[in-house]
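All values below were derived from every heavy atom in this structure, side-chain atoms included, with hydrogens, water molecules and symmetry-related copies excluded. Residue numbers begin at 1 in each chain, while the letters A, B, ... track the order of the sequences.
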Amino acid sequence: MKTTQLFTKTRKQAPADEVSKNAQLLIRAGFIHKEMAGVYTYLPLGLKVVEKIKQIVREEMNAVSSQELIMTNLQSSEKWETTGRWDDKTVDIWFKTRLKDDTEIGLAWSHEEPIVEMLKQHISSYKDLPVSVYQFQTKLRNELRAKSGIMRGREFVMKDMYSICVDENQHNDYYNAVIEAYKKVYDRLGIGEDTYVTFASGGAFTKFSHEFQTVCEAGEDKIHLYKDKKIAVNEEVMNEESLKSLGIEAHDKPVEVNCSEVGNIFNFGTDKSEQMGFNFTDENGQKQFAYLGSYGIGITRVMGVIAEKFSDENGLVWPQSIAPYQVYLASVGESEEVRSATDKLYEELMAKGIEVLYDDRDVRPGEKFADADLLGIPTRVVVSEKTLAEASVELKKRTSKDVSIVKITEVVDKLYKSIN
RNA sequence: CGGGGUGUGGCGCAGUUGGUAGCGCGUGCGGUUUGGGACCGCAAGGCCGGAGGUUCGAGUCCUCUCACCCCGACCA
C-alpha cells in the first residue's frame, strides 16, 4: 500500500474529547474513528490489526477442535427468560428494541443463552459430544459510562466459545486445554509475559471464573499477584474464604497491579444445562445434563491494551504478529534515482509477500519518520541518495534507536527471513 | 445514576464590560525547500451543539434540551 493511496492520514493533535492513550494514538494514527461515546469505527489500518488478532485467536481455537460459526445480533426474549437474565434488574446493560408487531427483542450483549438453545436442537446423543463452537461477534452493551477508548466500549468485538461435554472429566480436560490455548494466544499477541490467569468472580452461575488479566496501567481491574505460588486473584474476590480455598496463607504477601481483563472463561458444570433443560442420551439410554463451558476474549479490548502497553512518546508500537504492515518503506529526497530505486524495492517486497506501507509522498523526511513512528510499523526502511551511494538502504526497528545499513540487493531476503 | 467540566471552520484553541467571529494545524493553488512533523504568498472553509427567551443588537445574559469528557457507582 502506498501512503498516497491509503485512506486516512495521520494528525498531530488528538481530539479533545479523548483522554485515554489508546484512543488518542489510534485516532491520531488513523486506525479508528469515533462515532459516539464508546463506539468506534475501525478504519483500514485498524481493521487490519483487528483481523490479525482474530486470525491468531482463530488458529488457536481451531487447534482445540472448536468450530467457527456466527450467531445473530437480534435475540428473542424467551431464550433469556429461562435463566432470568432478560430482567433489566439482573442484567442492566441490555439494549432492547421492538419489532414492528411490538415484540420485544434484545440486542446481543452475550450469546450464552441463544447458543445453548440452538445447540440443544442439534445435540441429542453422547455420540454428538464433545462439541465446541466459537464466533467473532459484535457485542452491544448499554454501559452507563463508556471509558478508556476501545478498552471499554458499548460496541465491541469479542470471540466467544462454548463447549459441551458429556461428563466432568471430559469437561475439565477441555477447560484446561482452553486455558493453554489462551496462553498461546496471548504469547503470540506479545503480551504473554504480562498476562495472568486470575481467580475472579463467577457471577450468577459459578463460584469462580478464570480471567486472563494483562498488566496495564489503564486497566480497570486490580489483581493481587502471589508470584511464589503463581496465583493471581482479582480484588473483587479477595476475601478469607476464597484465599483459603486457593491455599493462600496469611504470610503470603501479594503484589497489587492494575490490569485489564483480556479474557474470561467460565466453568458452568451442569448448572446451566439443568436450568435450560439441555440434556442428551448416554450409552445406557439415560438422559444426562451436559457440562458447559464458556470462553471469551475481547478482541478489540486486546487491541486497546496492546496500544496502551507498547506505545511510547512517538506513537504506537505494534508487535510484529499484529502490525498492520511489517515494513514502512520511505524514500528520502525526491531525485529520480531515489524514486525509482524505492519503487523497485517496493515491488520486490510485495512480490515476496511482505506487507509494506510505502511512504511515497513528496514531503520532508521528518514527516515520514514521524508517521512511521506514530503508526508503529515494526521495521522502517529508508532509501536516500546517501544510502544509494553505497548501494544500500537503512533499516531501523521501531523498538530500537539503532540504524543498520544493508545492501539493497540483500534487504528483501533479510526482511523476509526476519518476518517468516 | 450521583458529582464536576466542556461544546466556536476537518482538528486544537482565543473571543475583553453584549456591538453581527479570530489564530495555529490541516486543505487548495503558486514558489523556495528536502535526514526528525520546513518556509513565503494567495485562497477556500464557521452563524458559534440545538430550541426558546431578554435586548435596538447575543458566541457573550437567562431557561430548557442534546452531546461529549472526567471522578464515583456499575462492569453475568
His111(A) NE2 to rA76(B) C1', straight-line distance once rounded to whole Å: 15 Å
P spacing across the pair rU16(B) / rU60(B), given as an integer number of angstrom: 11 Å
Nucleotide-resolved protein contact map, nucleotides 65-75 of chain B, B/S/- at heavy-atom distance under 4.0 Å: ---SSBBBBBB
Side-chain H-bond candidate by donor/acceptor type, Tyr295(A) with Asn264(A), under 3.5 Å: no
Spacing of the P atoms in rC39(B) and rU20(B) (rounded, Å): 33 Å
P gap between rG7(B) and rG59(B), integer Å: 16 Å
Assigned partner base of rG45(B), Watson-Crick or wobble definition, under 3.5 Å: none
Asp92(A): side-chain contact (heavy atoms from CB on, under 4.5 Å) partners, not counting sequence neighbours: none
Partners meeting side-chain contact (heavy atoms from CB on, under 4.5 Å) with Ile179(A) (sequence neighbours left out): Tyr175(A), Asn176(A), Lys183(A), Val197(A), His210(A), Phe212(A), Ile265(A)
Side-chain donor-acceptor pairs of residues 38-48 of chain A under 3.5 Å, sequence neighbours excluded:
| from | atom 1 | to | atom 2 | distance (Å) |
| --- | --- | --- | --- | --- |
| Tyr40(A) | OH | Glu18(A) | OE1 | 3.4 |
| Tyr40(A) | OH | Glu18(A) | OE2 | 2.7 |
| Thr41(A) | OG1 | Glu35(A) | OE2 | 2.6 |

rG24(B) versus rC68(B) - spacing of their C1' atoms, nearest Å: 23 Å
Watson-Crick or G-U counterpart of rC75(B), or none if no pair lies under 3.5 Å: none
side-chain hydrogen bond (donor to acceptor under 3.5 Å, both in side chains) contacts in which one or both residues fall within residues 380-393 of chain A, not counting sequence neighbours: Ser335(A)-Glu385(A)
Base-pairing assignment for rG30(B) (Watson-Crick or G-U wobble, both under 3.5 Å): rC40(B)
B/S/- contact track for nucleotides 3-9 of chain B, protein heavy atom under 4.0 Å: -------
Identified pairing partner of rU6(B), criterion: Watson-Crick or G-U wobble below 3.5 Å: rA67(B)
Base of rG26(B) paired with side chain of Gln13(A) (donor-acceptor, under 3.5 Å): no
Integer angstrom distance from the C1' of rG52(B) to that of rC11(B): 31 Å
Distance-only donor-acceptor pairs under 3.5 Å for side chains of residues 296-322 of chain A, two or more places apart:
| from | atom 1 | to | atom 2 | distance (Å) |
| --- | --- | --- | --- | --- |
| Thr300(A) | OG1 | Val157(A) | N | 3.2 |
| Arg301(A) | NE | Met151(A) | O | 2.7 |
| Arg301(A) | NH1 | Glu261(A) | O | 2.9 |
| Arg301(A) | NH2 | Met151(A) | O | 3.2 |
| Glu308(A) | OE2 | Lys21(A) | N | 3.4 |
| Glu308(A) | OE2 | Asn22(A) | N | 2.8 |
| Glu308(A) | OE2 | Asn22(A) | ND2 | 2.8 |
| Lys309(A) | NZ | Asp194(A) | OD2 | 2.8 |
| Lys309(A) | NZ | Val215(A) | O | 2.6 |
| Ser311(A) | OG | Ala307(A) | O | 2.8 |
| Ser311(A) | OG | Glu308(A) | O | 3.2 |
| Asp312(A) | OD1 | Asn314(A) | N | 2.8 |
| Asp312(A) | OD1 | Gly315(A) | N | 3.2 |
| Asp312(A) | OD1 | Arg398(A) | NH2 | 2.8 |
| Asp312(A) | OD2 | Arg398(A) | NH1 | 2.9 |
| Trp318(A) | NE1 | Leu375(A) | O | 3.2 |
| Ser321(A) | OG | Arg188(A) | O | 2.6 |

Between P of rC1(B) and NZ of Lys89(A), the distance in whole Å: 16 Å
Over 12 foreign heavy atoms within 6.0 Å of NZ, Lys414(A): no
Rounded distance in Å between the P positions of rC70(B) and rA51(B): 28 Å
Watson-Crick or G-U counterpart of rG12(B), or none if no pair lies under 3.5 Å: rC23(B)
Identified side-chain contact (heavy atoms from CB on, under 4.5 Å) partner of Leu292(A) from the options Asn267(A), Thr270(A), Ile164(A): Ile164(A)
Whole-Å C1' distance, rU6(B) and rA43(B): 32 Å
Contact nearer the 5' end of RNA chain B, comparing Pro15(A) with Ser110(A): Pro15(A)
Got a list of protein N/O to nucleotides 28-37 of chain B N/O distances below 3.5 Å?
| from | atom 1 | to | atom 2 | distance (Å) |
| --- | --- | --- | --- | --- |
| rU33(B) | O2 | Arg364(A) | NH1 | 3.2 |
| rG35(B) | O6 | Ser384(A) | OG | 2.1 |
| rG35(B) | N1 | Glu394(A) | OE1 | 3.1 |
| rG35(B) | N1 | Glu394(A) | OE2 | 2.6 |
| rG35(B) | N2 | Glu394(A) | OE1 | 2.7 |
| rG35(B) | N2 | Glu394(A) | OE2 | 3.3 |
| rG36(B) | O6 | Arg380(A) | NH1 | 2.8 |
| rG36(B) | O6 | Arg380(A) | NH2 | 3.4 |
| rG36(B) | N1 | Asp373(A) | OD2 | 3.2 |
| rG36(B) | N2 | Asp373(A) | OD2 | 2.7 |
| rG37(B) | O2' | Lys12(A) | NZ | 2.8 |
| rG37(B) | O6 | Arg28(A) | NH2 | 3.2 |
| rG37(B) | N1 | Asp371(A) | OD1 | 3.0 |
| rG37(B) | N2 | Asp371(A) | OD1 | 3.1 |
| rG37(B) | N2 | Asp371(A) | OD2 | 3.3 |

Salt bridge (Lys or Arg N to Asp or Glu O under 4.0 Å) partners of residues 214-227 of chain A, not counting sequence neighbours, each pair once: Arg152(A)-Glu220(A)
Partners meeting salt bridge (Lys or Arg N to Asp or Glu O under 4.0 Å) with Lys2(A) (sequence neighbours left out): none
Ile27(A) CD1 to rG10(B) C1', straight-line distance once rounded to whole Å: 14 Å
Of all pairs that satisfy salt bridge (Lys or Arg N to Asp or Glu O under 4.0 Å), the ones with a partner from residues 67-83 of chain A, not counting sequence neighbours: Arg58(A)-Glu68(A)
Residues that Trp86(A) engages under ring pair (Phe, Tyr, Trp, His ring centres under 6.0 Å), provided they are two or more places apart: Trp94(A)
